[in-house]
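Accompanying notes for the structure given below.
Quick note: numbers below take in every heavy atom, side chains included, and nothing from hydrogens, waters or symmetry partners. All figures in this text were calculated on a predicted structure; none of them were measured in a lab.
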There are 4 protein chains.
Amino acid sequence: MTSPRGSLRRSERSRRAILDATRALVAEHGYAKVGIEAIAARAGVGKQTIYRWWPSKGAVVLDAVRALSENGEGQLALPDTGDLEGDLKQVLRATAAEFADPTFDALIRGLTTELAHDLGLAAAYAEHTAELEEAKRQRLRSGQRAGQLSPDADLDIVLDLLFAPLFRRWLLRTGPLTPDYADTLVEAALRAFAPPEPVTAS
Amino acid sequence: MTSPRGSLRRSERSRRAILDATRALVAEHGYAKVGIEAIAARAGVGKQTIYRWWPSKGAVVLDAVRALSENGEGQLALPDTGDLEGDLKQVLRATAAEFADPTFDALIRGLTTELAHDLGLAAAYAEHTAELEEAKRQRLRSGQRAGQLSPDADLDIVLDLLFAPLFRRWLLRTGPLTPDYADTLVEAALRAFAPPEPVTAS
Amino acid sequence: MTSPRGSLRRSERSRRAILDATRALVAEHGYAKVGIEAIAARAGVGKQTIYRWWPSKGAVVLDAVRALSENGEGQLALPDTGDLEGDLKQVLRATAAEFADPTFDALIRGLTTELAHDLGLAAAYAEHTAELEEAKRQRLRSGQRAGQLSPDADLDIVLDLLFAPLFRRWLLRTGPLTPDYADTLVEAALRAFAPPEPVTAS
Amino acid sequence: MTSPRGSLRRSERSRRAILDATRALVAEHGYAKVGIEAIAARAGVGKQTIYRWWPSKGAVVLDAVRALSENGEGQLALPDTGDLEGDLKQVLRATAAEFADPTFDALIRGLTTELAHDLGLAAAYAEHTAELEEAKRQRLRSGQRAGQLSPDADLDIVLDLLFAPLFRRWLLRTGPLTPDYADTLVEAALRAFAPPEPVTAS
DNA sequence: TTTTAACCGAGACGGTACGTCATGTCTTCTT
DNA sequence: AAGAAGACATGACGTACCGTCTCGGTTAAAA
């Protein structure tokens with residue numbers, strides 16, 4: 001069901017032009033220096049067409065980000081080789097790599113700072129990331145079942161330990177997002193929630 | 001002799017009025033809706049007096065935050081009762097509590113999102129927090145010496161594990177900043193960097 | 001078909017409000033103390049609406065003056081009773097009287113001093129007054145044909161002699177603009193360009 | 001008696017620097033674009049030193065003009081060769097030539113437009129020009145005694161006829177200030193106030 | 001000779017207006 | 001009905017000057 005949302009007459013052409021222009025402009029000038037007028041001008045679109053379909057610049061950018069991820073849909077299953085540590089390292093390294101892409105960085109950085117102030121936008125973003133979050137939790141659960149993670153572990157806390165340091169370091173630029181850093185975080189988090197030592201028969 | 005820096009004639013009166021007005025306005029209306037003009041008007045000051053001494057709104061807010069901490073100077077020693085876990089829990093709970101104060105939240109939230117975009121401001125902020133960061137590291141080192149933390153532990157990583165989840169949860173409002181959450185983070189981080197089991201004589 | 005010039009959508013409402021506000025404010029406070037912001041505020045109009053259509057305050061005032069004259073259009077024919085001296089006295093007296101009106105004085109005084117510095121504005125003003133100037137020249141030509149003025153007279157010089165003294169006295173306030181003064185100027189100018197004495201048969 | 005006016009301690013050095021800077025800046029950028037701050041900066045003088053001795057920019061410019069004329073003092077006697085027409089032509093040509101000097105033009109143009117709005121300044125200027133005006137009147141009186149001008153002629157009106165057209169043409173740039181134009185004005189004015197035809201004995 | 005106070009340069013201050021820019025709403029005409 | 005275009009009222013931006021004010025430093029008169 002790929003029917004148009006919200007209207008029977010919405011121009012797909014304009015929608016794409018707006019999101020493309022947004023991506024390009026934010027990459028070029030940074031989130032803060034891009035305004036609705038500039039987007040409209042670059043997209044060759046009337047301002048009203050933007051205001052009609054999005055409530056704020058943040059919402060446009062959110063959709064621009066969404067559109068990026070929607071190229072290959074449904075790839076939401078995380079790797080599950082049976083090796084939790086290896087799989088998580090791969091995921092965190094990939095996340096760190098994403099942040100290194102200037103276009104993605106500019107988009108997601110602006111969006112993130114907007115989320116901090118706009119509750120509605122934050123909710124919309126949460127909806128967008130819910131699936132991915134669930135996939136992460138699933139992978140942890142799978143590891144738990146495989147005895148690679150304590151059965152008592154609160155998976156949300158594990159996720160926090162894994163991703164929050166990465167997020168903070170990226171957002172505030174307090175350090176480089178190296179693969180090593182990703183690995184270190186995974187090792188620390190898994191150590192914190194290691195399964196209990198099996199009692200070995202002596 | 002801490003003679004006036006940068007000018008021989010800067011008005012202390014105006015400086016304080018500006019920082020006070022900034023705090024009040026950001027608390028009332030939120031960072032984004034406060035402009036230089038409003039600050040100047042509320043402070044009873046010409047706009048140029050702000051532009052003369054600060055390069056951006058972010059810089060003013062940074063100073064407003066700085067001024068908050070400078071009331072009681074030099075209180076930078078963190079508690080060191082000998083109980084690392086207990087001391088850290090106290091610190092994280094206190095940090096969480098700070099974020100609960102609406103005025104401080106509004107100020108620091110706006111400032112933080114500005115840091116994400118303004119490298120110069122981020123550097124200035126880093127300078128401001130350097131002392132506190134060092135104090136935290138000191139406390140961890142002290143715990144290390146007391147055998148409450150692995151001698152191999154990278155203290156910056158420990159700090160990341162402790163504070164980044166709190167930071168992220170606060171900034172993106174993805175969960176409540178309860179004392180329990182603070183405690184959980186401390187326990188997890190210490191577990192991740194627990195000292196090696198002493199070999200017990202059998 | 002005098003369809004809208006320069007734009008398809010200019011607001012006549014705003015235009016009139018701006019010119020009215022300009023007239024009122026200049027009359028109240030004098031040309032120099034009136035700014036674009038004040039005009040916009042009084043007119044209930046955005047500043048940009050002024051900047052969009054006029055290049056300078058002087059241009060706005062010029063249009064405000066223009067609008068005054070355009071109430072009754074096409075009344076440009078000067079009196080021509082056959083008595084050149086009488087007609088000119090009437091015109092100069094009327095001109096002097098105009099300058100006595102405080103609103104008109106304030107507008108035209110500010111405009112005039114602007115003309116002295118702004119070549120473009122001077123050109124625009126010249127265009128505005130061209131018709132009137134031509135009408136004056138016509139009346140002189142008519143007098144010339146009637147033998148009341150030397151056939152050799154350079155009409156522009158005659159106009160200078162008639163109006164420049166009035167202009168200077170008004171602008172610099174070096175004397176009162178009485179009807180007597182107007183009459184004196186007319187008499188002097190006509191004496192300077194009197195037709196040659198007819199050769200009387202002796 | 002060239003004692004300092006208004007104060008026993010006024011710095012002649014600063015006074016000259018201010019007037020020189022004023023002349024230079026007005027010549028370079030035009031009257032309107034020169035401000036007190038710029039003059040002070042160029043003169044290497046504190047703003048207060050200007051505000052202490054002059055009430056307005058116009059007053060400074062007036063003094064700058066005054067200083068120009070005071071180089072060779074007392075040259076106020078107009079030529080009196082016995083030939084009124086020739087002498088007046090010389091004076092008007094000289095006046096026209098003065099206006100052609102860009103520095104003088106810029107200064108006097110700005111000053112003149114200021115006079116139109118500032119009564120106090122106009123009075124001060126009148127005082128400055130009083131001597132010259134009187135000299136002009138004297139020359140006319142001398143011509144009157146020599147029978148080159150009607151005994152009834154109102155000399156102020158004659159002066160108006162002579163100089164107002166020149167003034168207006170210069171201020172509003174409605175035509176070139178050629179020697180021919182000067183001559184034409186002199187001839188016209190003298191024709192208007194020619195002495196009565198002597199009754200020739202038949 | 002020493003005081004002392006006006007004058008000086010410098011420039012920060014509270015203000016006002018500038019001319020530009022972007023906002024979000026609106027109207028008009030086109031598709 | 002939706003879109004491109006862009007005028008509109010609004011209001012913040014950062015700059016430029018205004019005229020006033022303080023700050024040391026420097027003179028030249030008075031003591």
Side-chain angles (χ1 to χ4, degrees), chain A residues 4 7-11 13-15 17-18 32-41 43-57, chain B residues 4 6-15 17 32-41 43-53 55-57, chain C residues 4 7-15 17 33-41 43-53 55-57, chain D residues 4 7-11 13-15 17 33-41 43-57:
Chain A
S7 165
L8 295 170
R9 300 261 218 106
R10 177 166 190 182
S11 159
R13 184 179 211 292
S14 295
R15 189 184 147 271
I18 288 164
K33 296 194 176 176
V34 173
I36 298 287
E37 290 202 322
I39 294 173
V45 138
K47 284 200 289 178
Q48 201 58 273
T49 303
I50 299 182
Y51 284 112
R52 191 162 14 239
W53 301 110
W54 288 277
S56 67
K57 180 173 65 158
Chain B
S7 164
L8 295 170
R9 265 194 284 292
R10 178 166 186 181
S11 161
E12 180 60 17
R13 184 180 213 293
S14 295
R15 190 184 145 270
K33 295 195 177 175
V34 173
I36 298 285
E37 284 199 326
I39 295 172
V45 138
K47 280 200 285 179
Q48 203 57 44
T49 301
I50 299 182
Y51 285 112
R52 191 160 21 236
W53 302 110
S56 67
K57 181 173 63 158
Chain C
S7 166
L8 294 170
R9 264 194 285 294
R10 178 166 187 181
S11 160
E12 180 60 17
R13 184 180 212 292
S14 295
R15 189 184 145 273
K33 296 195 175 174
V34 172
I36 298 286
E37 285 200 326
I39 294 173
V45 138
K47 281 200 287 180
Q48 204 56 43
T49 302
I50 299 182
Y51 285 112
R52 192 160 18 237
W53 302 111
S56 67
K57 181 173 63 157
Chain D
S7 164
L8 297 170
R9 303 259 220 108
R10 178 166 188 181
S11 159
R13 185 180 211 293
S14 295
R15 189 182 145 272
K33 295 194 176 175
V34 173
I36 297 286
E37 289 201 324
I39 293 172
V45 139
K47 283 201 286 178
Q48 201 57 268
T49 301
I50 299 181
Y51 284 112
R52 194 164 12 241
W53 303 110
W54 289 276
S56 69
K57 180 172 66 158

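- Nucleotide E:dC13 holds its P atom 11 Å from the CD atom of B:Glu12, rounded to whole Å.
- Comparing the end axes of the helix from E:dT1-F:dA31 to E:dT31-F:dA1, each fitted to five base pairs by superposing C1' atoms of four pairs onto the next four, gives an inter-axis angle of 10° (nearest 10 degrees).
- Atom OH in A:Tyr51 sits about 15 Å away from atom C1' in F:dA7, given to the nearest Å.
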TODO: Step by step, work out the side chain to side chain contact (heavy atoms under 4.5 Å, CB included) result for A:Ile18 and A:Trp53.
DONE: CA-CA 11 Å; A:Ile18 288 164; A:Trp53 301 110; over 6 Å; no
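- Residue order along DNA chain E, read from the 5' end via each residue's closest nucleotide, puts C:Ala38 first among C:Ala38 and A:Gly35.
- F:dA4 atom P lies 14 Å from atom CD1 of A:Ile36, rounded to whole Å.
- Under the rule for a side chain to side chain contact (heavy atoms under 4.5 Å, CB included), the partners of C:Ala17 that lie at least two apart in sequence or sit in another chain are C:Ala43.
- In this structure, B:Arg52 atom CZ and F:dA16 atom P are separated by 13 Å, rounded to whole Å.
- Contact of D:Gln48 with E:dC7 (side chain to base): no donor-acceptor pair of N or O atoms is detected under 3.5 Å.
- Here CZ of C:Arg13 is found 14.0 Å from CZ of C:Arg15. Values are rounded to the nearest 0.5 Å.
- The phosphate of E:dC7 has neither OP1 nor OP2 within less than 4.0 Å of any side-chain N or O from D:Ser14.
- The shortest heavy-atom contact between B:Val34 and B:Lys57 is O-NZ, 3.0 Å.
- Comparing A:Ser56 and B:Ser11 by the nucleotide of DNA chain E that holds the closest heavy atom to each, the one mapping nearer the 5' end is B:Ser11.
- Taken to the nearest 0.5 Å, the CD1 atom of D:Ile39 stands 11.0 Å off from the CD atom of D:Glu37.
- In this structure, CD of B:Glu37 is placed 12 Å from C1' of F:dT15, rounded to the nearest angstrom.
- Atom CD1 in B:Ile39 sits about 13 Å away from atom C1' in F:dC13, given to the nearest Å.
- Judged by atom type and distance alone, C:Arg9 does not reach the base of F:dA7 through any side-chain donor-acceptor pair under 3.5 Å.
- For C:Lys47 and E:dG19, a side-chain-to-base donor-acceptor distance below 3.5 Å is present, hydrogens and geometry of angles not being considered.
- Applying the side chain to side chain contact (heavy atoms under 4.5 Å, CB included) rule to D:Gln48 yields the partners D:Tyr51, D:Arg52; only residues at least two apart in sequence or on another chain are considered.
- Taking all atoms of both residues into account, the shortest heavy-atom contact from D:Ser14 to D:Ser11 is N-OG, 3.0 Å.
- Straight-line distance from the CD1 atom of B:Ile50 to the P atom of E:dC13: 11 Å, rounded to whole Å.
- At F:dG3, one or more side-chain N or O atoms of A:Trp53 fall inside 4.0 Å of OP1 or OP2 (strictly under the cut-off).
- Residue C:Thr49 places none of its side-chain N or O atoms closer than 4.0 Å to OP1 or OP2 of F:dA7.
- Atom CZ of D:Arg13 and atom C1' of F:dT26 are 13 Å apart (whole Å).
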